[in-house]
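First comes the structure, then the notes that go with it.
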Amino acid sequence: MINRFLRHIKEGFYGVGRHSAMSVSSASAVTITLLLISIFLVVTSNLEKITSKIENSVKISVIVSYDFEAQEDLDRIDSQIKNIAGVKLVTFSDKEMEFDFYINSFPEEERVIFEPYRSENPMHHAFYVEVNEGSMLQEIASKISAIEGVEKTNYGGESSTMLVNALATTRQGGFILVIALSLLAIYLVQNTIKLTIFARSNEIWIMRNVGAKNGYIRAPFVVEGIIIGMLGAIIPILTTIFAYIYLYNKLGGKLLSGIFVLIPPHPFVLYISCILLAVGIGVGFIGSFFSVTKYLRWKR
Amino acid sequence: MINRFLRHIKEGFYGVGRHSAMSVSSASAVTITLLLISIFLVVTSNLEKITSKIENSVKISVIVSYDFEAQEDLDRIDSQIKNIAGVKLVTFSDKEMEFDFYINSFPEEERVIFEPYRSENPMHHAFYVEVNEGSMLQEIASKISAIEGVEKTNYGGESSTMLVNALATTRQGGFILVIALSLLAIYLVQNTIKLTIFARSNEIWIMRNVGAKNGYIRAPFVVEGIIIGMLGAIIPILTTIFAYIYLYNKLGGKLLSGIFVLIPPHPFVLYISCILLAVGIGVGFIGSFFSVTKYLRWKR
Amino acid sequence: MIELKDAVKAYKNGVKALNGVNLTIHQGEFVYIIGPTGSGKSTLIKLLDGEEIPSKGSVIVAGINVGKLKHSKVPIYRRNIGVVFQDYRLLERKTVFENIAYALEVIDAPKNIIRRRVREVMNLVGLDDKGNAFPSELSGGQQQRVAIARAIANKPKVLIADEPTGNLDPTKSDEIMVLLEKINREENTTILMVTHDEALVNKHQKRTIVLESGVIVADTFQGGYFKHD
Amino acid sequence: MIELKDAVKAYKNGVKALNGVNLTIHQGEFVYIIGPTGSGKSTLIKLLDGEEIPSKGSVIVAGINVGKLKHSKVPIYRRNIGVVFQDYRLLERKTVFENIAYALEVIDAPKNIIRRRVREVMNLVGLDDKGNAFPSELSGGQQQRVAIARAIANKPKVLIADEPTGNLDPTKSDEIMVLLEKINREENTTILMVTHDEALVNKHQKRTIVLESGVIVADTFQGGYFKHD
Ligand SMILES: Nc1ncnc2c1ncn2[C@@H]1O[C@H](COP(=O)(O)OP(=O)(O)OP(=O)(O)O)[C@@H](O)[C@H]1O
Ligand SMILES: Nc1ncnc2c1ncn2[C@@H]1O[C@H](COP(=O)(O)OP(=O)(O)OP(=O)(O)O)[C@@H](O)[C@H]1O
Ligand SMILES: [Mg+2]
Ligand SMILES: [Mg+2]
């Protein structure tokens with residue numbers, strides 16, 4: 001049994017060598033496919049990280065009505081907000097802080113204009129609410145608006161939701177694209193392997209002629225497919241590791257002067273490498289398995 | 001001669017039919033490749049349009065110093081700005097307009113705060129400068145700053161340049177990616193065609209045995225490659241046309257509630273279709289041409 | 001051992017290669033099948049080998065109804081019969097040694113036994129020095145002998161040979177005939193041999209079945225290349 | 001017409017298939033080449049066909065130094081010689097008709113002439129009803145006859161045949177021999193035929209060249225299957 005297993009492995013390696021032109025063709029198809037997948041994975045993972053970071057930084061500001069400024073009202077509103085599902089953090093900011101914050105948003109020389117108004121402070125008390133997921137901003141804001149004593153809510157206006165939605169769409173779209181492209185790419189590789197095996201369908205048929213069972217014929221082809229998948233994964237893995245580390249260091253880990261922070265290479269490239277290797281082996285295995293099976297039925 | 005040409009064409013069509021399994025394999029490789037290319041083309045073209053639109057909408061605001069408010073100074077500054085290379089449009093906005101513009105940016109109820117100041121208007125005269133290319137913003141702004149009488153220039157602050165730069169980078173990166181992926185995809189197709197022809201290298205050799213010159217052997221294979229390229233382009237072309245028109249109509253021609261306007265489908269999808277068809281034919285031609293040439297040298 | 005009952009074989013394109021063949025061959029017999037080109041001899045062999053399924057009638061070899069075998073069981077059935085195909089059917093990417101060894105590997109024979117047996121049959125057909133050559137590096141007659149060696153390697157109960165001497169010179173043909181007769185005698189192997197070689201049939205006289213246009217027109221022990229007209 | 005001078009052919013793996021062959025064949029001659037399997041007969045044909053290049057010496061056919069031909073010129077040279085290969089070399093994906101027609105299409109023969117000539121040669125070799133069959137649907141002997149038909153289709157000046165009757169029954173072989181003799185006589189075609197068929201050689205006696213281990217051991221007009229020992 002062990003002997004037979006080893007024989008198939010050996011035959012698989014021989015096969016790669018003896019059909020070197022075809023092996024190179026298949027392996028290069030794997031390589032290109034995995035390079036594509038690698039690019040997509042790196043981009044989407046980083047996009048994923050960036051969007052979740054932005055989403056988290058968007059807050060809902062809750063303006064308290066002038067008629068509900070008593071401490072008990074504020075406590076009630078606070079706890080009511082905290083009870084809403086999806087709310088992460090609620091911070092309170094009183095009128096004074098709001099006024100300071102407001103005038104600080106003007107250039108220094110213009111601030112004097114506002115000082116006279118401090119005594120009759122026109123600002124409201126406010127709560128700032130952080131939510132778990134950017135996509136829930138609108139829903140939570142409208143729930144908060146319904147609380148008694150809340151004059152209005154604001155979450156950075158339309159542009160904020162829009163940005164968050166845009167990023168979410170991009171992320172989802174990107175994810176679907178990764179999956180779709182990976183499937184297409186895998187189909188391509190499978191196609192290539194099928195063709196290399198087609199060129200040997202005669203061989204498969206002769207093996208049956210000589211008394212080889214289907215499983216016996218299939219084994220070395222499958223081993224060959226796996227080897228080709230592994231060989232094809234080498235370049236993409238090395239490229240990913242070195243290119244990502246290089247880019248990360250070159251950019252200082254940031255994109256666009258620091259708004260976006262990249263995923264640190266250390267465990268990340270290892271994960272990507274494992275995924276690439278797994279896809280390579282998987283594609284090689286599946287591609288050769290089904291192709292051989294197909295040609296096994298070519299003749300009796 | 002014509003006869004011979006027709007014979008090759010006919011043989012090419014026969015070839016596609018008689019090697020239907022292989023034709024399907026090659027054509028599906030072409031299809032996937034072109035689908036990828038199509039997605040990239042559509043995305044980059046729209047990105048291109050959006051960025052150039054954003055770039056164009058970013059203006060430099062030029063604040064005129066209080067000491068240069070005479071009409072002759074304003075005329076001089078105006079003409080000096082217009083002389084700078086890359087400037088597209090210069091519009092003037094006087095103190096009054098600036099004041100209105102400023103207070104209009106506040107909520108209605110707060111505007112009363114500012115009215116007392118209208119008589120002693122603290123605003124400056126200003127020019128608004130549109131430039132030809134977003135990437136030149138910074139350069140032109142600093143040239144304008146150097147003009148006598150200009151107190152300061154402003155172009156939406158750092159965030160504006162950053163956005164423009166980010167979009168430019170994305171666009172460039174996207175362009176390089178399109179080219180790179182197209183090349184890789186084309187290589188994949190060429191690889192696939194090579195394998196289908198490899199499976200027939202024996203045929204090529206026998207043709208030489210019977211006295212067929214290399215060109216004569218090659219012709220029907222090349223016709224076959226072109227046919228396969230064209231067949232492979234059908235699905236991507238139809239998909240592009242219908243999917244783009246559908247998405248365009250569904251989104252109302254806009255992305256993210258109107259900040260970004262999409263390219264109208266009418267001539268656009270036709271251009272894309274032509275490109276896809278050309279790539280399909282080109283890949284089929286080149287792939288088959290070189291593969292046959294390679295196997296022609298297999299034996300004497 | 002071999003029994004065909006009303007076997008008819010019509011190919012997909014309508015050609016009726018066999019048209020009702022009844023035939024019984026007993027264990028240990030040595031039978032020639034002769035007949036003009038295109039008379040259905042190879043088709044008969046393909047039926048026996050399970051490569052083609054009879055359109056009508058049945059083909060029974062060693063108690064097995066060959067035409068009814070499941071696709072996956074066909075190779076296992078083939079382990080009991082050795083076939084020399086008219087077109088040799090050698091594995092192009094394996095050497096002569098590996099080609100012959102393959103037929104033994106599939107039945108999980110131990111390595112050292114395989115090696116010994118392959119050397120033995122290579123010697124029997126006179127190819128001692130070609131073990132490492134690939135089929136494309138052999139002459140026509142050498143390829144034919146590899147096919148013979150492979151067919152006899154695992155000592156099958158039935159040996160079916162489709163023109164095993166078509167590409168051999170008279171001397172070599174005679175040697176192969178002597179070899180087959182020895183196998184037939186010593187191992188009691190049933191042998192069915194298609195041949196066009198008049199000289200051979202006349203020299204080594206055996207039961208001879210004559211096919212013509214898909215039907216048996218003579219089945220005689222009289223020996224000699226039977227001319228039917 | 002055909003002249004080999006000290007032709008030596010050593011294959012890449014070191015096998016010396018031909019070891020200094022000197023041979024002159026004149027226009028219109030009909031020559032048998034016989035010899036044991038593996039003696040270099042097919043190699044000799046491959047040299048004449050330009051498929052292999054002599055390691056030493058020269059091969060000249062119709063004034064052309066075949067071994068020195070440029071790769072791209074080889075097919076054009078081949079239009080003057082018809083070759084029946086031992087392994088047939090038919091185009092698998094073309095029908096019998098198309099296979100034969102192909103040899104005429106490459107020399108840009110007009111369509112109607114091609115059609116007429118193909119029908120003619122198919123009739124000559126007795127394959128009138130197989131025009132639409134693919135090679136895989138033919139019996140061994142039928143494939144061999146397609147190869148013969150293709151080789152004679154464009155009336156070559158030299159016809160080289162490697163065991164053209166190896167898969168044919170004696171009657172058919174005889175018919176093919178008569179056909180070749182007719183072509184030789186009527187079109188003055190030089191014919192070189194490799195064969196193992198003793199009966200044929202004895203019946204249709206011609207100049208006979210005996211190869212053994214890559215050298216010519218006899219070249220005689222005495223006729224008959226020459227036994228050298
Ligand atoms: N796969 C096939 N499809 C269709 N027809 C076939 C097929 N194989 C053989 N035939 C036809 O069946 C008939 C018998 O063929 P077969 O190969 O059995 O002849 P044979 O007796 O072996 O001849 P030969 O001596 O030339 O080898 C022939 O007319 C042949 O053309
Ligand atoms: N491509 C090759 N590479 C290496 N050796 C070869 C090659 N072709 C033939 N040989 C060897 O050269 C020798 C002569 O082969 P050749 O095919 O010329 O013999 P032949 O006389 O035609 O034999 P047969 O009658 O069996 O066809 C043989 O020993 C063979 O193994
Ligand atoms: Mg046959
Ligand atoms: Mg030979």
Side-chain angles (χ1 to χ4, degrees), chain A residues 1-26 195-221 223-225 227-228 288-290 292-300, chain C residues 45-54 59 66-85 87-95 98-114 134-135 146-147 149-154 156 160 162:
Chain A
M1 214 46 220
I2 289 287
N3 251 335
R4 191 158 165 176
F5 184 72
L6 288 178
R7 187 183 284 160
H8 289 320
I9 304 266
K10 206 184 68 185
E11 284 282 322
F13 274 95
Y14 278 179
V16 173
R18 286 198 188 156
H19 310 87
S20 52
M22 288 196 272
S23 302
V24 168
S25 287
S26 301
L195 285 173
T196 65
I197 293 185
F198 172 81
R200 291 151 75 187
S201 50
N202 207 35
E203 220 172 289
I204 292 175
W205 171 55
I206 294 175
M207 288 172 174
R208 274 180 62 87
N209 267 313
V210 179
K213 277 195 284 194
N214 293 350
Y216 193 91
I217 296 172
R218 200 187 281 121
F221 280 93
V223 172
E224 219 180 295
I227 294 169
I228 283 169
S288 50
F289 188 92
F290 287 107
V292 177
T293 304
K294 185 176 163 191
Y295 294 117
L296 278 171
R297 304 226 124 239
W298 179 42
K299 285 188 183 171
R300 250 166 85 93
Chain C
I45 285 184
K46 286 176 188 163
L47 289 183
L48 294 174
D49 186 39
E51 190 180 329
E52 297 285 356
I53 297 174
V59 177
V66 184
K68 292 273 184 292
L69 274 176
K70 269 175 59 186
H71 188 271
S72 61
K73 294 279 174 262
V74 174
I76 298 159
Y77 156 71
R78 286 182 182 148
R79 292 176 184 178
N80 301 316
I81 57 172
V83 185
V84 182
F85 298 96
D87 50 359
Y88 316 151
R89 300 195 189 164
L90 302 177
L91 295 164
E92 265 176 46
R93 304 277 180 158
K94 288 188 187 289
T95 62
E98 291 165 344
N99 260 286
I100 301 171
Y102 195 80
L104 296 166
E105 283 169 6
V106 298
I107 53 169
D108 276 328
K111 230 171 179 170
N112 51 342
I113 293 194
I114 293 181
F134 287 94
V146 177
R150 183 179 62 184
I152 63 176
N154 67 350
I160 298 171
D162 201 348

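Numbered from 1 within each chain, the chains take letters A, B, ... in sequence-line order. Here the structure is a predicted model, which means the values were calculated and not measured.
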Under a 4.5 Å cut-off applied to non-hydrogen side-chain atoms, are [X] and [Y] in contact?
X        : Y       : value
A:Lys213 : C:Arg79 : yes
A:Asn209 : C:Asp49 : yes
A:Glu203 : C:Lys94 : no
A:Arg300 : C:Glu52 : no

Which atom pair, heavy atoms only, marks the closest approach of A:Lys299 to C:His71?
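Shortest heavy-atom separation between A:Lys299 and C:His71 comes out as O-NE2, 3.1 Å.
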
How close do C:Pro75 and A:Ala212 get, heavy atom to heavy atom, and via which atoms?
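So the minimum-distance heavy-atom pair works out to CB-O, 3.1 Å.
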
With rounding to the nearest 0.5 Å, note down the distance linking [atom1] in [X] to [atom2] in [Y].
X        : Y        : atom1 : atom2 : result
A:Ile206 : C:Arg150 : CD1   : CZ    : 6.5 Å
C:Ile76  : A:Tyr216 : CD1   : OH    : 13.5 Å
C:Glu92  : A:Arg18  : CD    : CZ    : 12.5 Å

Toward chain A, the part of [X] with a non-hydrogen atom under 4.5 Å:
X       : result
C:Phe85 : side chain
C:Glu98 : side chain
C:Ile81 : neither

Heavy-atom count around C:Tyr77 OH within 6.0 Å, excluding the residue itself: above 12?
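Yes, enclosed.
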
Please test C:Asp108 against A:Arg7 for side-chain contact (heavy atoms from CB on, under 4.5 Å), starting from the C-alpha separation and ending with a verdict.
CA-CA 11 Å; C:Asp108 276 328; A:Arg7 187 183 284 160; 4.3 Å; yes

So, the side chain of C:Arg78 versus the backbone of A:Arg208: is there a donor-acceptor pair under 3.5 Å, distance only?
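Answer holds: yes.
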
Out of A:Val210, A:Leu296, A:Asn214, which one racks up the most heavy-atom pairs below 4.5 Å with chain C?
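Answer, by heavy-atom pair count under 4.5 Å with chain C: A:Val210.
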
Can you name the residues of residues 195-202 of chain A that have some heavy atom under 4.5 Å away from a heavy atom in chain C?
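Expected list: none.
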
Determine, stepwise, if the pair C:Arg89 / A:Trp205 fulfils side-chain contact (heavy atoms from CB on, under 4.5 Å).
CA-CA 9 Å; C:Arg89 300 195 189 164; A:Trp205 171 55; 3.2 Å; yes

Considering only heavy atoms, which portion of A:Arg4 lies under 4.5 Å from any heavy atom of chain C: side chain, backbone, both, or neither?
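Only the side chain of A:Arg4 comes within 4.5 Å of chain C.
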
